[in-house]
Chemist: 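Would you mind keeping the following structure in view while I ask a few things?
Order of appearance sets the numbers: ligands from 1, and atoms from 1 within every ligand. Excluded from the calculations below are hydrogen atoms, water molecules and symmetry mates; all remaining heavy atoms, backbone and side chain alike, are included.
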Amino acid sequence: MEPITPLWRPPSEGDNLILQVTLGCSHNQCTFCGMYRHRSFVSKPLAVIQQEVAHAAMDWPDARRIFLADGDALALDYDQLLAILQLLQACFPQLNRVSCYASPGNLGKKSLPQLQTLRENKLTLLYYGMESGHAPLLRMTRKGATPAFMAEGLHKAAEAGMKISATVILGLGGRHLWREHVEDTALLLQQVPLNFLSTLQLYLEPEMAAAFAAPFTPPFVPQDDQGMLQEQYLLLERLTHTPRPVIFRSNHASNALALAGTLPKDRPRLLAQLTAALQGHLSLRPAWLRGL
Ligand code: SF4
């Protein structure tokens with residue numbers, strides 16, 4: 001079966017085999033996200049996946065890394081997900097990593113022993129949309145999680161030995177809530193054991209903007225580039241400590257400024273780069289080159 005497009009995957013999975021074992025997102029309610037708005041969530045039958053894996057194994061028998069699409073393959077029923085991982089190990093002898101997107105709700109529904117077994121069967125990396133650590137903002141954007149719920153799920157995944165790559169959305173609170181958004185996000189990031197952290201800039205598809213802004217009082221005012229850089233600065237300034245070293249990137253195509261380093265070690269250099277950008281000494285990626 002041909003993949004259903006658009007097929008979203010993390011930038012770092014671009015060279016790896018992508019298998020679409022689910023369609024859509026099981027949550028599909030976040031008001032800033034239009035990725036699967038017009039696609040209902042479907043868990044593909046195992047028989048279909050077996051056929052697709054057999055084809056993929058003929059084309060790419062030495063695949064070492066596989067990403068399970070779509071929006072949150074961790075939503076799969078535990079037995080189904082385990083069966084898929086066992087199938088992949090049987091068909092790809094050099095396999096050393098399976099990854100997928102995961103939502104807070106997905107992690108909440110899997111027990112620690114289940115996550116441990118999935119990790120033992122090579123599901124070792126989860127891409128996790130944190131977006132914010134500010135509870136009112138999570139509620140207004142219908143993320144379906146509180147900061148405490150996210151912390152619990154992320155600790156469980158880390159205890160199971162999984163690596164976690166989390167994303168935070170700059171600009172999510174607009175000009176009125178930016179400080180609360182960033183300060184509470186930094187507090188959450190200081191607690192949870194991440195391996196990777198990326199920041200994106202809020203991008204709202206025009207048809208979603210009104211519904212996104214509706215719960216905000218005072219009315220939502222988008223951040224401009226200076227505001228986004230200020231948010232990035234405050235976030236990194238606050239991350240004086242993290243439970244483990246975190247590889248940080250802001251190289252997603254939505255960002256005005258690409259940064260890369262390890263936290264907290266590289267904070268001074270990253271903050272110096274941000275200061276230079278805020279003062280106009282570093283050029284920003286032109287708006288027309290940005291995207292999702
Ligand atoms: S959980 Fe992720 S993919 Fe699903 S609606 Fe929210 S942001 Fe989009």
Chemist: Quick one: which ligand 1 atoms are inside 4.0 Å of a heavy atom on Q29?
Modeler: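 Reading through ligand 1 atom by atom, the close ones are 5 (S).
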Chemist: Only one of L194, L126, N195 passes side chain to side chain contact (heavy atoms under 4.5 Å, CB included) with K163; say which it is.
Modeler: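 Among the candidates, only N195 passes.
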Chemist: For the atom pair CG (L125) and CD1 (I164), what is the distance rounded to the nearest 0.5 Å?
Modeler: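 With rounding to 0.5 Å, CG (L125) is 9.0 Å from CD1 (I164).
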Chemist: Is a salt bridge present between E13 and R65, judged by a nitrogen-to-oxygen distance below 4.0 Å?
Modeler: no
Chemist: Checking a contact table here: which protein heavy atom is nearest atom 2 (Fe) of ligand 1, and how many Å away?
Modeler: K143 NZ, 4.1 Å
Chemist: Please check if any side-chain donor atom of T141 sits under 3.5 Å from a side-chain acceptor atom of E131, or the reverse.
Modeler: no
Chemist: Using a strict threshold of under 4.0 Å (side-chain N to carboxylate O), is an ion pair present between E205 and R37?
Modeler: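 Looking at R37 and E205, the cut-off is not met.
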Chemist: Show me which atoms of ligand 1 lie under 4.0 Å from any heavy atom of F32.
Modeler: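 Answer for ligand 1: 7 (S).
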Chemist: For ligand 1, which atoms sit closer than 4.0 Å to a heavy atom of C25?
Modeler: 1 (S), 3 (S), 4 (Fe), 5 (S)
Chemist: Do me a favour and list the nearest non-hydrogen protein atom to atom 8 (Fe) of ligand 1 with residue, atom name and distance?
Modeler: C33 SG, 2.3 Å
Chemist: So, for S43 and Q80, which heavy atoms are closest and what is the spacing to 0.1 Å?
Modeler: OG-NE2, 3.8 Å
Chemist: Within the stated cut-off of 2.8 Å, is an N/O/S atom of C30 closer than that to atom 6 (Fe) of ligand 1?
Modeler: yes
Chemist: Just jot down the ligand 1 atoms closer than 4.0 angstrom to any heavy atom of N28, in number order.
Modeler: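 Listed by number with element: 4 (Fe), 5 (S).
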